[in-house]
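So the structure is just underneath, and the comments pick up after that.
When a ligand or atom number is given, it counts from 1 through the structure's own listing order.
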Amino acid sequence: MQLAVLPGDDIGPEITVATLDVLAAVKRHFSLDIGVEHHAIGLESLKQSGATLTEAVFAAAREADGIILGPVATAIYPPADKGGINPSAYFRKNLDLYANIRPARTFGRATQRVSAFDLVVVRENTEGFYADRNMTAGDADILVTPDVAIAIRKVTREASTRIAEAGFRLARARRRRVTLVHKANVLKRSDGLFLDACRAVAADYPDVNVDDVIIDAMTAHLVRDPGRFDVIVTTNMFGDILSDLAGELAGSLGLAGALNAGATHAVAQATHGSAPDIAGQDRANPMALIRSLGMLLHWLGERHGAANFIAAGRAIEEAVGATIAAGETTPDLGGRIGTKAVGRIVAGRVARTASAA
Ligand code: NAD
């Protein structure tokens, strides 16, 4: 199998190096037949080729079996007509990566800021308020006059149905509980449609408990009693915000791994951004991207019926947990270890998990 590796901006290259150390360890210890190809994206690609994502790199990544995408500094990209293409949005839209799966769980007392929890935010990834991906042509973030702006939020029954299906399927493999998060009390048509589509899916899963919570109250519930949530299904922007909150409550945004998945492609990508405030200092936590790699290996294992890929994904998660328990962490988790060293430590623990199995 072939993985395309796109390191991204700011902390992207640092956390990618650490993640590739872990990949090398699982390849060796779980006999994974994986080849890796590297491509420049982001500001490096802008310098080299005039665009933050070129068609050639997109085509190469599309041909790969899986993609590892580092965070990208989109806030400082030039406009699209000057080469500033958001690779993250481009992959989500053009590979139809409709499900953004963002797990968050506490790892014992060492890191947690609230009571213990283990949940997954299942975020719709292709429409909603994300103006650069919810139109076939043009952009839904519109300046009407210099002093009036409008952003259009798109919600379709099709996208709501398939994200709900992804959430209910996942819930069956977990604690069988789905919470639908919305703002249908105000956005009666758009979020009303989302809720209606999700409830129709719920009817096919009578073995899964379902409830719904309004987004603003949800932030309070998540802080107050996060343990009551299992799978949270929601629209694009609410999911983006909730998953950062859940990641930080679990200890650090630097722990928040994620997968962007569609029917045929998947992209491992941390929940966080490119963290320019700590770039180049060997203090970024690589665990989010490392856990994202674990999710990608699990996805590949399920897709190709390869038990060793699934075992490798589990071993990564265990190795991350053991590393946190040992206090061998970057400063965001209270430790004093650098990015590269954390990568090597997790890689070493993966090897031990494999030999114990
Ligand atoms: P951010 O997620 O980069 O950082 C928020 C805070 O979390 C910062 O204090 C940062 O230091 C910390 N943090 C993030 N990742 C960390 C890690 N691995 N280890 C330790 N601490 C970590 O959000 P931001 O500062 O608002 O955005 C920076 C850039 O990233 C912007 O250009 C933004 O557009 C972009 N962005 C990209 C993505 C993506 O690539 N998917 C997502 C969000 C933001």
Among all protein heavy atoms, pick the one closest to [atom] and tell me residue, atom and distance.
atom                    : value
atom 28 (C) of ligand 1 : Pro276 CD, 3.5 Å
atom 13 (N) of ligand 1 : Ala275 CB, 4.0 Å
atom 29 (C) of ligand 1 : Ser274 OG, 3.3 Å
atom 43 (C) of ligand 1 : Gly273 CA, 3.5 Å
atom 31 (C) of ligand 1 : Ala75 CB, 3.7 Å
atom 35 (C) of ligand 1 : Val72 O, 3.1 Å
atom 6 (C) of ligand 1  : Leu253 CD2, 4.5 Å
atom 9 (O) of ligand 1  : Asp277 OD2, 3.0 Å

For [X], counting its heavy atoms only, list the atoms of ligand 1 lying under 4.0 Å from any of them.
X      : result
Gly254 : 17 (C), 18 (N), 19 (N)
Pro71  : 40 (O)
Ile11  : 18 (N)
Ala284 : 19 (N)

Q) Where do Ile11 and Pro71 come nearest, in terms of heavy atoms and distance? A) CG1-CG, 4.1 Å

Would you say [atom] has a protein heavy atom nearer than 4.0 Å?
atom                    : result
atom 24 (P) of ligand 1 : no
atom 2 (O) of ligand 1  : yes
atom 40 (O) of ligand 1 : yes

Q: For Ser292 and Ala268, indicate whether the former's side chain and the latter's backbone hold a donor-acceptor pair under 3.5 Å.
A: no

Q. Do we get Arg153 above Phe238's six-membered ring, with its NZ or CZ under 6.0 Å from the centre and within 45° of the axis?
A. yes

Q | Aromatic Phe117 / basic Arg224 pairing, under 6.0 angstrom, 45° off normal | A | no

**Q.** Test item: Val342 and Thr329 side chains (from C-beta on) under 4.5 Å apart, heavy atoms
**A.** no

Q: Could you tell me whether the side chains of Thr156 and Glu127 share a donor-acceptor contact shorter than 3.5 Å?
A: yes

Consider every N or O of [X] and every N or O of ligand 1, then say whether any pair is closer than 3.5 Å.
X      : value
Asp332 : no
Gln269 : yes
His272 : yes
Thr271 : no

Q. Are the ring centres of Phe309 and Phe30 closer than 6.0 Å?
A. no

Q: Please work out whether the ring planes of Phe229 and His221 are parallel, tilted or perpendicular, with thresholds of 30° and 60°.
A: perpendicular

Q. Does Asp244 approach ligand 1 within less than 4.0 angstrom via side chain, backbone, both or neither, non-hydrogen atoms only?
A. neither

Q. Is ligand 1 less than 4.0 angstrom away from at least one heavy atom of Ala288?
A. no

Q. Mind checking whether Ile15 has a heavy atom under 4.0 Å from ligand 1?
A. no

Q) Pick from Ile316, Ile67, Leu3: which one makes a side chain to side chain contact (heavy atoms under 4.5 Å, CB included) with Leu296? A) Leu3

**Q.** Criterion side chain to side chain contact (heavy atoms under 4.5 Å, CB included) against Lys183, the qualifying member of Leu195, Ile214, Thr234, Thr235
**A.** Ile214

Q.
For Gln2, I'd like to know if atom CD has over 12 heavy atoms of other residues, nucleotides or ligands within 6.0 Å.
A. yes

Q) Should the heavy atoms of other residues, nucleotides or ligands under 6.0 Å from CZ of Arg157 be counted, would the total exceed 12? A) yes

Q: Could you check Thr126, Asn236, Asn86, Asn260 and say which one makes a side-chain hydrogen bond (donor to acceptor under 3.5 Å, both in side chains) with Arg92?
A: Asn260

